[in-house]
Amino acid sequence: MAFKSNSLSFATLSTIVIASTFCHVSEANDKRISKTLSSSLANGGWQSIQNTKDPKVMDIAKFAVTEENKRIKNVELKFASVSDGRFKVDNYKITFQLTIVAMEFTIKANEYEAVVTVSLKNNVRELISFVSI
């Protein structure tokens with residue numbers, strides 16, 4: 001019984017640590033986020049992002065567009081929305097794969113696939129890839 005209790009405490013603590021990195025501490029109590037992150041930890045696989053309008057997801061997508069704008073010349077992408085996404089937790093980081101809708105010169109909307117990692121140690125973000133789809 002003690003082993004089961006300790007395992008449950010460790011799983012709960014792990015979920016809270018990751019949830020507080022992924023979300024503000026005040027949002028860590030959201031059971032949906034905790035449950036999703038917990039199951040991702042258990043199987044190391046990709047999990048679908050249920051709410052693409054979540055402010056944290058939107059913030060990561062805006063980061064991706066901003067970083068891409070630093071890389072490219074003569075084009076200024078404007079973030080519009082996130083149409084789909086998934087994430088996985090492994091090796092002290094969260095990897096997000098997002099389908100982002102962005103406007104090019106405010107004329108034409110295009111979809112892009114962005115991959116962003118977020119370090120669980122220091123919350124540093126890195127744009128891995130950003131491609132038109």
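Residue numbers count from 1 along this sequence.
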TODO: Please test Leu98 against Val116 for side chain to side chain contact (heavy atoms under 4.5 Å, CB included), starting from the C-alpha separation and ending with a verdict.
DONE: CA-CA 8 Å; Leu98 304 174; Val116 176; 5.6 Å; no
Open item on the list: Run Val57 and Asn51 through side chain to side chain contact (heavy atoms under 4.5 Å, CB included) and show every step you take.
Closed with: CA-CA 8 Å; Val57 173; Asn51 180 7; over 6 Å; no
Taking all non-hydrogen atoms of both residues into account, name the closest pair between [X] and [Y] and its distance.
| X | Y | answer |
| --- | --- | --- |
| Phe130 | Ala114 | CD1-CB, 3.7 Å |
| Glu104 | Tyr112 | OE1-OH, 3.7 Å |
| Leu127 | Ser129 | CD1-O, 3.4 Å |
| Ser83 | Glu111 | OG-OE2, 3.2 Å |
| Ala80 | Met103 | CB-CG, 4.4 Å |
| Lys53 | Met58 | O-CG, 3.7 Å |

Task: Spacing of NZ belonging to Lys88 relative to CD belonging to Gln47, to within rounding of 0.5 Å - done: 11.5 Å
Determine, using the 4.5 Å side-chain heavy-atom cutoff (strictly less than), whether [X] and [Y] are members of one ILVMFWY cluster.
| X | Y | value |
| --- | --- | --- |
| Phe63 | Leu120 | yes |
| Ile60 | Ile133 | no |
| Ile100 | Val75 | yes |
| Phe79 | Leu77 | yes |

- [ ] Apply salt bridge (charged side-chain N to carboxylate O under 4.0 Å, His left out) to Glu67 and list each qualifying residue two or more places apart in sequence or on a separate chain.
- [x] Lys70
Task: Phe96 side chain reached by Ile49 side chain, heavy atoms, under 4.5 Å - done: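 Of all side-chain heavy-atom pairs linking Phe96 with Ile49, at least one is under 4.5 Å.
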TODO: Show your reasoning for whether side chain to side chain contact (heavy atoms under 4.5 Å, CB included) applies to Lys56 and Val118.
DONE: CA-CA 12 Å; Lys56 298 302 167 197; Val118 180; over 6 Å; no
TODO: Look only at the side chain of Asn69 and the backbone of Glu76, and say whether a donor-acceptor pair between them is shorter than 3.5 Å.
DONE: no
Task: Exam field: side chain Thr52 to backbone Val82, donor-acceptor pair closer than 3.5 Å - done: yes
